[in-house]
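The next block holds one structure in the form of structure tokens; read it before the comments.
What you are looking at is a predicted structure, and each value in this text was computed from that prediction instead of being measured. Only this structure's heavy atoms are used, side chains among them; waters, hydrogens and symmetry mates stay out. Within every chain, numbering begins at 1; the chains are lettered A, B, ... in the order of the sequence lines, protein sequences first and strands thereafter.
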Amino acid sequence: MKGQLQEQALHPMPAARPLAAAERAKVLEVIVRLRALPGALLPVLHGVQDALGYVPPGAVTLIASELNLTRAEVHGVITFYHYFRSTKPGKQVLQLCRAEACQSLGAVALEQHVKSRLGVDFHGTTADGRYTLEPVYCLGNCACGPSLMLDGELHGRVDPQTFDELLASARGAA
Amino acid sequence: MTTTLYVPCDASALSLGAEATAKAIIAEAQRRGVEIRLVRNGTRGMLWLEPMVEVETAAGRVAYGPVKARDVAGLFDAGFLQGGTHALALGALADHPYLKNQERLTFARVGITDPLSLDDYLVHGGYRGLPAALAMAAPAIVQEVTDSGLRGRGGAAFPAGIKWKTVLGAEGSQKYIVCNADEGDSGTYSDRMIMEGDPFVLIEGMTIAGMAVGATRGYIYLRCEYPHAYRTLNQAIATAYARNYLGQDVLGSKRAFDLEVRLGAGAYICGEETSLLESLEGKRGQIRFKPPLPAIKGLFGQPTVINNVITYASVPIILDRGAPFYKEYGMGRSRGTLPFQLTGNIKHGGLIEKAFGITLRELLYDYGGGSYSGRPIRAVQVGGPLGAYIPASQFDAVLDYEEFAKIGGMVGHGGIVVFDDTVDMAAQARYAMEFCAVESCGKCTPCRIGSTRGVEVIDRLVAGEQKQEVLLRDLCETMLAGSLCALGGMTPFPVLSALNHFPEDFRNVNRP
């Protein structure tokens with residue numbers, strides 16, 4: 001117990017809300033399914049994020065003990081990779097490309113438009129909980145930029161106008 | 001009679017509406033009571049014409065593009081199922097100037113076949129290299145790859161055969177074949193095009209590598225920004241297992257090769273090979289000191305071949321047609337072909353597979369048709385975010401690993417990002433430093449701290465503090481010489497090239 005307290009002081013982690021029973025069950029299901037893989041931690045974290053939308057800080061202890069790792073190791077991996085998130089995202093994740101090929105076609109202006117339209121900065125979630133905005137460094141669509149990915153769906157040749165149309169149609173579909 | 005049509009399932013085509021086009025074609029055919037068979041092919045790589053629809057006619061395949069969903073009814077009216085004329089008609093693609101003079105060895109099937117059809121792959125020359133390899137002794141396979149002159153296509157251009165030979169000769173209880181599919185450089189998508197458009201060629205290439213060095217396990221480390229490629233690869237791997245091209249007894253040879261796709265998680269640094277291996281092991285993607293080389297102590301401490309997608313995908317044709325065939329292409333020490341990718345502010349963006357030796361100017365103007373905006377091209381960045389910016393005065397440079405290095409450039413992965421004359425090169429230099437700061441793994445100081453200091457120094461320089469230029473050059477020198485890997489060690493290339501070729505952009509004057 002004492003050791004655990006010391007570790008917490010050295011590695012400040014987000015306040016870990018205990019996992020709800022349903023979340024815990026999902027996390028355990030992922031762990032049981034993937035734990036035998038060599039180097040299982042990334043597949044497990046992907047599995048948890050696929051299931052819950054994020055990796056809840058409350059899952060760190062569970063993942064660590066089940067994979068025989070320290071909490072620091074698990075926390076360290078989650079925070080190293082841009083893709084893994086520790087907070088619940090909005091209903092849809094919008095990844096906006098910031099890389100050079102998109103810049104050459106106006107990605108910087110598009111970025112300003114998107115931020116002001118949604119009223120959030122990168123990593124932020126809109127007030128209505130609808131979108132989480134993330135930067136991404138290349139979606140591999142460099143001949144058809146500027147590009148963005150909305151919940152895994154790639155869109156090319158996006159400008160402020162087509163972005164607004166995309167939002168309108170996404171809203172209409174919901 | 002059933003007419004066969006092709007609408008690409010490639011992510012770039014989808015990003016421009018290919019899914020809606022495909023659905024519109026199916027609906028319109030149904031409405032008119034016409035029987036069609038719709039094949040979802042890869043892209044031909046003429047991306048400004050996507051979504052491109054091809055129709056199998058009595059006179060061969062003819063193309064139309066770009067076809068939006070709203071164009072579909074009009075195409076039916078024009079009789080496009082019989083190859084009828086229409087404003088969007090492109091004719092037979094074999095005669096198209098963009099494709100006619102390409103040398104498609106690695107990309108021979110991409111855009112032509114159904115990526116998920118193993119039978120299509122077999123009909124179009126697939127799985128000829130693997131049987132040839134299975135009939136050879138391991139050192140002979142390695143020798144064939146060495147003789148072909150194939151060098152790592154990921155950017156470092158290390159001779160593939162030499163790497164394989166090291167792994168063949170290394171002792172280990174379990175050797176591995178790892179594919180670097182963490183194609184994170186802006187301006188590149190050739191790996192993605194192969195994985196989505198012809199996944200079996202990658203699977204075959206990795207299997208041959210396994211046979212060559214005695215490795216029975218392979219991993220494809222794929223960036224998670226490529227969900228379409230992830231699905232395609234997994235389906236193709238399942239098919240290859242079902243048909244005995246993977247598994248415990250590959251093609252009845254009594255030799256095993258297992259293959260699995262693993263997803264990255266948005267870290268650019270994991271394209272660096274040792275960082276990738278750490279990530280595959282389930283750790284933070286921090287780079288390793290070298291030596292030991294991955295060929296000696298790689299994944300889980302075992303001898304490991306690690307090459308990128310295009311490298312493996314180029315192997316089947318080498319084993320099928322022989323090293324001399326492949327070596328015929330290219331110049332100097334750069335043998336074979338490279339898929340160049342024209343991107344950014346370019347009119348005709350796409351993939352051009354050519355032998356080494358083509359010039360930038362030919363690519364930018366003969367193929368690319370100039371800028372997308374119609375304004376003069378001012379600079380191009382070749383080889384990703386760590387590649388130098390090349391000014392218009394150097395567009396006659398020849399794309400060959402050694403020749404291009406002479407002008408301070410790096411061919412790298414063959415990505416070319418085009419900027420017109422509205423670009424602010426000081427902003428590009430600042431972005432290079434900012435990107436390095438975001439993506440640094442944090443292991444070495446020049447990269448971790450230098451990149452952040454670099455952003456600050458450029459900000460002060462642009463604000464008018466001219467003496468900051470000395471500081472910036474000094475900082476770049478430190479990063480170049482003192483960084484552990486290419487991220488910190490090459491970030492100075494875009495920065496210094498911008499500063500050297502476009503000094504006016506760094507002066508505090510009224511820039512447009």
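For A/L105, the part sitting under 4.5 Å from any heavy atom of chain B is the side chain, from C-beta outward, and nothing else. Only the backbone of B/L14 comes within less than 4.5 Å of a heavy atom in chain A; its side chain stays farther off. No part of B/L299 comes within reach of chain A, as not one of its non-hydrogen atoms sits under 4.5 angstrom from that chain. When heavy atoms are compared at a cutoff of 4.5 Å, A/V136 approaches chain B solely by way of its side chain, counted from C-beta outward. The contact between B/T188 and chain A is made entirely by backbone atoms, counting heavy-atom distances below 4.5 Å. Heavy-atom distances place no part of B/D10 under 4.5 Å from chain A, backbone and side chain included. Heavy atoms of B/P385 lying under 4.5 Å from chain A belong to its backbone as well as its side chain. Residue contact with chain A, scored on non-hydrogen atoms closer than 4.5 Å, involves the side chain of B/Q428 exclusively. Heavy atoms closer than 4.5 Å to chain A are found in both the backbone and the side chain of B/C441. Looking at B/Y268, there are no atoms closer than 4.5 Å to chain A (heavy atoms on both sides), in backbone or side chain. With a 4.5 Å cut-off on non-hydrogen atoms, B/L263 touches chain A through its backbone and its side chain both.
Partner of A/F80 under the side chain to side chain contact (heavy atoms under 4.5 Å, CB included) criterion, chosen from B/Q286, B/K283, B/E278: B/Q286.
Here the side chain of B/H228 pairs no donor or acceptor atom with the backbone of A/E153 at under 3.5 angstrom.
With chain A as the partner, the residue from B/A267, B/G350, B/A265, B/S190 showing the most heavy-atom pairs under 4.5 Å is B/A265. Top candidate by heavy-atom pairs under 4.5 Å with chain A, chosen from B/F300, B/F435, B/W48, B/Y372, is B/Y372. The greatest number of non-hydrogen atom pairs below 4.5 Å with chain A, out of B/A11, B/S186, B/G266, is found for B/S186.
With values rounded to the nearest 0.5 angstrom, B/C224 atom SG is found 8.5 Å from A/Q49 atom CD. In this structure, CD on B/E434 lies 4.0 Å from CZ on A/R98, to the nearest 0.5 angstrom. Distance check: B/E225 CD to A/Y137 OH gives 11.5 Å after rounding to the nearest 0.5 Å. Interatomic distance, A/H46 NE2 to B/Y230 OH, rounded to the nearest 0.5 Å: 8.0 Å. The distance from the CE atom of A/M149 to the OH atom of B/Y226 is 9.5 Å, given to the nearest 0.5 Å. With rounding to the nearest 0.5 Å, the separation of CD in B/E281 from CG in A/L42 is 11.5 Å.
Summarising the local packing, NZ of B/K443 is surrounded by more than 12 heavy atoms from other residues, nucleotides or ligands at distances under 6.0 Å. For B/R231, the CZ atom is densely surrounded, since the number of other residues' heavy atoms within 6.0 Å is greater than 12. By the 6.0 Å contact criterion, CG on A/D128 is enclosed, its count of non-hydrogen atoms from other residues, nucleotides or ligands being greater than 12.
Applying a 4.5 Å heavy-atom cutoff, none of the residues of residues 111-118 of chain A approach chain B. For residues 18-40 of chain A, a heavy-atom distance under 4.5 Å to chain B picks out A/L37, A/P38, A/G39, given by residue number.
For the residue pair B/S279/A/Y81, the side-chain donor-acceptor check at 3.5 Å is satisfied.
Shown here for A/G140 and B/S12, the closest heavy-atom pair between the two residues is O-OG, 4.2 Å. For the pair B/Y189 and A/C142, the tightest heavy-atom approach, listed with the atom from each and the gap, is CD2-N, 4.0 Å. Of all the heavy atoms in A/C144 and B/L16, the pair that sits closest is SG-CD1, 3.8 Å. Taking both residues in full, the closest heavy atoms of B/S15 and A/N141 are given as OG-ND2, 3.0 Å, listed atom of the first, atom of the second, then distance. For A/A101 against B/G187, the heavy-atom pair with the smallest separation is CB-N, 4.3 Å. When every heavy atom of A/G76 is checked against every heavy atom of B/R284, the shortest pair comes out as O-NH1, 2.8 Å.
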What's the verdict on side chain to side chain contact (heavy atoms under 4.5 Å, CB included) for A/C138 and B/R223, showing C-alpha distance, side-chain angles and the deciding distance?
-> CA-CA 10 Å; A/C138 198; B/R223 62 200 302 261; 4.1 Å; yes
Carefully, step by step, assess B/Y389 and A/E100 under the rule side chain to side chain contact (heavy atoms under 4.5 Å, CB included).
-> CA-CA 11 Å; B/Y389 283 100; A/E100 290 90 339; 3.9 Å; yes
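Side chains of B/V438 and A/H82 form a contact here, defined as non-hydrogen atoms less than 4.5 Å apart.
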